[in-house]
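Notes to accompany the following structure.
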Amino acid sequence: MNELIQIQNLTKIFKSGLVGGYFTTAVDDISFDIHKAEIISLVGESGSGKTTVGRLILRLLKPSLGRIIYEGIDISTLKGKKLKEYYKHVQGVFQDPFASFNPIFKVDRVFNLLFDGYLKDKANKKHELIVESLEKVGLNSLDILGKYPHQMSGGQLQRILIARTLLLDTKLLIADELISMLDASTRVDVLNILGDLRNKEKMSVLFITHDLSLGYYISDTTMIMYRGNIVEFGKTKLVFDNPLHPYTRMLLSSVPEIGRKWKKSELEMKRGELPPGGCPYFDRCPLAMDVCRKKPSLKEIDQNHKVACYAAEGVKSNDPISFGKSHDS
Amino acid sequence: MAKLLDVKDYKVYYQTLKGQIKAVDGVSFFVNSDEVFGVAGESGCGKSTLGNSLIYLKAPMRYAGGNAVLDGNDISKFTDDQMRRIRFEKISIIPQFAMDAMSPTKKIKNIVVDLVREHNKRMSEKEIIDLTVERFKMIGLSKNVVDMYSIELSGGMKQRVVMVISTLLNPRLLIADEITSALDVSSQKFSVEMLDEFKDKQFVSSVIFITHDISVLYQIADRIMIMYAGHVVEIGNTEDIVSKPLHPYTKLLISSLPKMGIQFSQKRLKGIPGYPPNLLNPPTGCRFYDRCPLRVDPQKCQNEIPPLVEYMPGRYIACWAYTKGNDKNE
Amino acid sequence: MKLSDRLKKWDVLYFFLTNSKFKIGISILLFFILLSIVGPFFIHYKPYEYAGVQGSPPSLEHPLGTNPFGYDLYSQLIVALDGTWLVGLIGGGVATIIGLLIGFFSGYKGGFLDEVLMMFTNILLVIPTIALLVIIASFLNSRSVVLESLIIGLTGWPWVARAVRAQTLSLKSREFVSLSKISGAGTLKIIAEDIAPNMLSYVFMVFILQFGGSILAIVGLSFIGLGPTNSVSLGGMLQDSVLWNALILGYWWWMIPPGIVITFMVASLYFINMAMDEAFNPRLRST
Amino acid sequence: MRKYLTRKIIIYLITFFIAASLDWAIPRLMPGNPVSLIVSRFAQASSGSAAQASVLTKQMFDYFMQAFQLNIPWWEQYALFWRNLLTGNLGISMYLYPEPVINIILSAVPYDILFLLPSILLSFWVGNRIGAWAARSKKADNILLPTFYILTSVPYFWLGILLVWIFGTLLRVLPMSGAFSYSMTPSFTFAFIFDYLKHWILPFLSLFIVSLGGWAIGMRNMIIYELESNYSRYMGSLGASQRLIRKYSYRNAILPQITGLALQLGTIVAGAITTEIVFSYPGIGYILFEGIMNKDYPLIQGCFLFIIAGVLLANFIIDILYMFIDPRVKIAYTEG
C-alpha cells in the first residue's frame, strides 16, 4: 500500500446567515487517495470547492460528512494533542504570502513556532536546522533571518514557508494556490521546489490551482473539480491529452496559450435549470441528456483515468436534451 | 495607420511621505486607430498606473512630465474640467476592480442614467436604458439586469455590466485594466471575446489592454509593449514579441511561462533570479541591470538609461545591446 | 536595515509628533494631569469647609470663588479632578478588558458560544446605559467613586465587544492564524500573539474613547444626583450650582469651570484619538 | 422581509423581557429588606412634621409590603410583577402619593416627544450634512473637525447651563425654565404656542448642538471612505461630476449613520434627562430626577421601563426604515 492519505465521501456544507440561513454544499461527497511521493493537482475555478478540500485536509475546517484517513486514523474528529501530532506530517502553504506572516514579528517566528511546539529537544541545533532548511529552498539565511515580512518579496516568503515544513517530518504538503500571487518571473522557481521535494524528500503535494498549465507542468495526477464534485481524475498526461469530461474540455479550450489562438466560441449561456441531484455541469453542458438528471458517479474509463460523465462512459442518447429557447430572449 | 494616442516621455509619480515613487518614468509609445495595444509587465512595473493616469489622475498620483496626445490634443495638459468632458465619451476605462465598481445601493439603471446624463442631457432616461438593454442582450445578459442592484450579480456578470457601461458612449480609446486577472479561465475567454466583438461593432476604436498575462495578450493584442520597473523595455507586433523576443527581460519572461505539454519531469523551466528595484530610489542605469544575464556593456548598462530605439521597423527596444555600436546580438 | 525600512518603523511616531491635533490633545491632557499633581499644593481648605465670604467671585484668595455656602470652589474642583481620572481609568479599563475578552473569544471561537455572547451583547447594547446606571445607583446605599466606576465599566463594554469581535473575525481569517494553527499553537497563544497585538492601536483607541465616555457618564450620573456619596465630583458641583440657583444668582464661576474642565478633558482624549485615527488610516488625514 | 421583521421583533421582546426583569431584580438583589430601605430613606427625604411622616411611613410600609409581596416565593413575586406590568400597573408614587406612576409618566410623554423628536432628527440631518460638507474641503475640515470633537465632549446639560446663563441671565431674552409660563394654560392659541416655543428653544438647542457634533464626525469619516471607494473612482473615471459622486457617497455613508442613530439613542436619552433637569422641563427626565431626589422608587423603576420601551420602539422603527433604504437587507432576506 502506498496510499498516504485516503479521502472518503468527504462533504462540507456551509451554513450562511444566522438563524435560519441557507446552506451551501462546498464539497459534495468526494473520495480520492494521495499516494506517497506524488504531486496531485486539484484544478478548479472559483467556487469549485478546491480550497475547501485543502482546508479540510489541514483540519482548518471540520468535515460535515466523510472521513480523512491518515495512517489508519480518521483525522476529521481529532483535537488537541492528536491533531498536533498530525500536523507533524501534514502541512500547508497558503495563497497570500504576505497574509501568511504576522506583520508584527520577524520572519523567524514561523520557525520559532515549530521549535516551541514540536522541536523542543532540538533547540540546541535550532540555527543550523533553520539554515539547512532555507538552503534546501534556495535561500541564504543571511538574507532572511532577522527581517520583517514586509522587507521580503512574495517569492521569498513562500520559500520560507516551504522551508519551515522541512523542519518537520512533513509527508504531505497542501499547497493552496501558492504561486498565484507571485510574479511570472519567479513563479516557476517556486513551483520547481515542489518537484524537488517530491524527488528528494519523497514528499507528497496537493497542489491546488486554477491554472491548468501550472498543474500540467508540475503534477503526476490531476483532479478536476466542479461545484464541489470531482468530474475527472487521473494521470496528468491522460487527463490533459485526452480530456473526457465536457467541462475539462471547455477549460482546456479556454486556457490562454502562447502560440495557440482561441477558437471563437458561442457565447456560453445557461441552458435551463440545474436539476437537484443531477450532474453538476448539467446546465452548461452541450451534451446534456435526460439521464444526466441523475448525478453520474466517478468511473474508471481507462486505466488511471476516471470521469463522472455518462457521455464519456458511452451512454448514448439520440437527442441531446432540448432546453427550449434561451431563457433570456 | 493614424495614431490615436501618442505618448512621449510620460512620467507619473506617487507622492508618499518618504518621497516620490517613480512608477511611470519616461514612457513613450503610440496607439493606432482601430487596434488592440497590449501592455504587459509584472506587478509594480507601472502598467496600471500608466493606464489609470491617462484617464483619471488622482492623488497621490502626480503628473511629472511628458505628453499624451489623444486625437491631436495633449490631454496631459488638460484642466480637470476639460478632462472630465472627454472621459467616457472619448476615452474610457474598464477598471481592475470591476467587482465593486458600482455603488451597492443603486440600481444598475440609475447608475447608467446618472453617468450618461452627466455628459449628454439630451438623451432621455428611456433612451439610455434602452441602449443599455440592447447591449446587455448582445452579451447574453437579461434585460432584467438593469433593475437589479450590483450586489445581486455574480462576479462574471458584474464584469460584463461594467464592460457595457464603460463603452456605452462609444469611446475612441478604451483602457482595459487587468480585466481578466480576477476571472476564471472560461470567463477570461468570454471577456476577451466580448471586447473583440465591441471593437468589431465599433463601440470602441482602440483598446489599451493591460495585463500581467502575456498569453492572454497573445489572444487579442495587435501589438505588445513590455514594461519593467516604470520603463518601456520593448514594443512590437504580438507575433514578433512572442516568438522572437529581443530584450533580455522579455526573453527570460517568456521562457519562464509553463505551456501545456511541458512537464517538470521532462523539462525544467527557469525563472528570473532577483527582484525588481525599488522605485523610490531607482538605479541610475538600466533598471533590469541587477537581474540581467547579458550586460553587454556593464559600465554603460549600470550608469546610463538605455533609450527606446526603433531597432527594426515597428520594433522598439530599450537595451544597450540593441543600440548602434553595441549591435553584436542575435 | 535599509534607511527606508527604519523610516517606516518611525513613520507613525513621526506622524504623531508633527500632527497638530495630537499636539493640541496631548498638551491639554498634560495640562490637566499637571493640574491634578500640582493643584493640591495650593489647596487651603477642605472641599466642604466654610472658607470665606459666601458667593464671592474669583479672587487671589479663592481662585475660583466661593459658593453660597462659602465653600472654596478651587478646592472642590481639584479634588473632583482626581475622582474624574479614577473614573476614566477604572471605567474605561474595565469596559475595555471585558469587551476585549468577550470580543476575542466570541470572534475567535465562533459557533454557539459566539451566537450566545453576541445575543447578550446586542441586548445590552440597546438598553440605554444611563437607565441601567440609574436603577442600580439609586438602590445603592452608599456609592464610592470606585464602585460607580466599576458599574460604569460593567455597562460600557458591549460596543467594545462588538467592535473587537468584528476585528477578530477579520484577523482570524488571515492566513497567519491558519499557519499558527498548523504550527501547533493553541487558542490562547494565537489570541495573545496573532490577534491582540495586531489590533493594539485599535484597542488603545477604544480605551481612550471609553475613558472619555466613562467621564461623561459619571458626570451625567452625578448631575442627576446619583454620583459618589462620599466625595466631590465635577457633575456634583454642577448639580449643586443648578439646585442652588447659581443661574439666577449669576454665579458663573460656580457653573462654568467644571464644565470647561470636563469638556476639554474629554476633548483632549478625542483629539488624541483623532490623531491616531489619521495615523493608522491615512485616508482620513486632512493635511 | 417578514423573516427580518420577525427576527427583530423577537430580539426586542427578549431585550425588553431582560430589562424588565433587571428592573424587578435589582432592588431585590441589594442587601437588606428593600421595603424598609425604601421607606426609611423616604422618611429622611420628605419634609413635614414628624407625626405626619410617621403616619405616612406606616401607610407606605404596608403598601410596599403588599406591593413587593416579600412573604411569597420569588417566582410568584416575579409573576405578579409581570401581571401588573402587562395591565399597565407600575405601582403608586410615593412622592406624589397616591398617584399611580403610570399617570405621572403619561402626562410627561407629550413633552418628551415634542422635545426629543425634533432635536434628534434635526441634529441627525444637519450633522450629516455638515459632516459631508467638511469632508469636501481640507480647509474647512481642519477647523470643523476639531469643533465637532469639542461639541461631542460637552456634557449636554452643561451646554444647557451655558445657554440659560447667556440667554436667560445675561441677555434676558428667553425664559430659564419650565415648558410654558405659569400664567398660561395649554391650548391651541397663537399666544400659547409662541410661549411654548420660547421655552422649548433652549432645551432643544442644547440637545441639538451636542448631538450634531457626533453625527458630523461620523459622516465626515464615512464619506471620506466612500469618496475613496472604487465605485467613486470609477464614476470619476467616467467623467461624473464631483456633485454626483458626492451624492452617491452620501447615499452609502448615511446607512451606517442610521445604524449609529439606533445605537446612540440611549446616550441621547441620557442627555435629554439631564437637559430637562437644567430647564425644569416636565419630561420623563425631570420626573426621574424628582423621583431620585425624593427617593421615589416606584417612580424611578417606572421611568426606567418607559425609557427602555421607548428606546426599543425607536430602534425597531429604525430597523424597519433601514430595510427600505438598504437593498442589501432586502436581498439578504429574500434569497434565504
Side-chain angles (χ1 to χ4, degrees), chain A residues 15 18-19 54-55 57-62 80-81 83-105 107 109-120 146-152 157 160-161 164-165 167-168 170 173-174 176-178 181, chain C residues 1-12 106 108-123 162 165 167-204 280:
Chain A
K15 199 178 112 183
L18 294 158
V19 188
R55 294 180 70 82
I57 297 178
L58 275 176
R59 258 312 306 278
L60 294 168
L61 292 171
K62 274 187 195 142
K81 266 205 174 131
L83 186 59
K84 202 170 155 184
E85 192 63 21
Y86 174 65
Y87 287 142
K88 266 189 189 171
H89 308 296
V90 178
Q91 277 293 324
V93 182
F94 307 107
Q95 177 172 12
D96 184 344
F98 291 95
S100 298
F101 284 81
N102 187 337
I104 60 171
F105 292 103
V107 293
R109 178 173 186 256
V110 297
F111 300 110
N112 294 338
L113 276 173
L114 295 182
F115 281 93
D116 290 350
Y118 294 102
L119 305 165
K120 288 203 178 93
K147 292 204 175 156
Y148 284 92
H150 68 83
Q151 295 169 280
M152 313 253 128
L157 293 176
I160 294 172
L161 292 175
R164 80 173 254 295
T165 66
L167 287 174
L168 298 169
T170 304
L173 181 68
I174 310 292
D176 185 0
E177 297 270 12
L178 94 157
M181 290 181 72
Chain C
M1 205 188 271
K2 277 182 284 180
L3 182 68
S4 60
D5 296 324
R6 224 175 318 165
L7 274 177
K8 186 165 179 169
K9 282 186 93 172
W10 293 107
D11 249 15
V12 171
S106 190
Y108 186 75
K109 283 284 177 189
F112 185 68
L113 179 78
D114 180 39
E115 290 210 13
V116 172
L117 284 177
M118 275 307 113
M119 180 90 140
F120 185 56
T121 305
N122 287 334
I123 284 173
R162 228 165 78 141
R165 173 180 173 271
Q167 293 270 318
T168 307
L169 277 181
S170 88
L171 280 172
K172 182 176 97 164
S173 63
R174 299 274 284 279
E175 285 163 353
F176 61 76
V177 172
S178 299
L179 196 81
S180 291
K181 280 189 196 164
I182 63 171
S183 298
T187 303
L188 285 177
K189 189 177 169 94
I190 291 176
I191 289 180
E193 291 184 9
D194 286 329
I195 309 250
N198 276 297
M199 45 196 272
L200 204 62
S201 63
Y202 188 77
V203 168
F204 191 64
F280 297 112

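Bear in mind the structure is a predicted one, so any value in this text is a computation, not a measurement. Letters A, B, ... mirror the listed sequences (proteins, then strands); counts begin at 1.
Residues A:Leu113 and C:Ser180 are in side-chain contact: their nearest non-hydrogen atoms beyond the backbone lie under 4.5 Å apart. Counting only heavy atoms from C-beta outward, the side chains of C:Glu193 and A:Arg109 approach each other to under 4.5 Å. Using a 4.5 Å cut-off on side-chain heavy atoms (C-beta onward), A:Asp116 and C:Lys189 make contact. Between A:Pro97 and C:Glu175, every side-chain heavy-atom pair lies at or beyond the 4.5 Å cut-off.
Of the possible donor and acceptor atoms, one in the side chain of A:Gln91 sits under 3.5 Å from a partner among the backbone N and O of C:Ile182.
The distance from atom CG of A:Leu161 to atom CG of C:Leu179, rounded to the nearest 0.5 Å, is 5.5 Å. From A:Phe115, atom CZ reaches atom OG of C:Ser183 across 12.0 Å, with rounding to the nearest 0.5 Å.
Heavy atoms closer than 4.5 Å to chain C are found nowhere in A:Glu85, neither backbone nor side chain. When heavy atoms are compared at a cutoff of 4.5 Å, A:Leu168 does not approach chain C at all. Only the side chain of A:Arg55 comes within contact range of chain C, with at least one heavy atom under 4.5 Å from a heavy atom of that chain. Using a 4.5 Å cut-off between heavy atoms, A:Phe105 touches chain C through its side chain atoms alone.
With chain C as the partner, the residue from A:Lys81, A:Gln95, A:Lys147, A:Lys88 showing the most heavy-atom pairs under 4.5 Å is A:Gln95. With respect to chain C, the highest number of heavy-atom pairs below 4.5 Å among A:Pro103, A:Gly92, A:Ser100 belongs to A:Ser100.
For the side chain to side chain contact (heavy atoms under 4.5 Å, CB included) with A:Asn102, the lone residue among C:Ile190, C:Leu171, C:Ile195, C:Asp194 that qualifies is C:Asp194.
Considering every non-hydrogen atom in both C:Phe176 and A:Phe101, the closest pair reads CD2-O, 3.5 Å. Scanning both residues, A:Leu60 and C:Ser178, for their nearest heavy atoms gives CD1-CB, 3.7 Å.
C:Arg174 has no carboxylate O lying under 4.0 Å from a charged side-chain N of A:Asp96, or vice versa, which leaves the two without a salt bridge.
Summarising the local packing, OH of A:Tyr118 is surrounded by more than 12 heavy atoms from other residues, nucleotides or ligands at distances under 6.0 Å.
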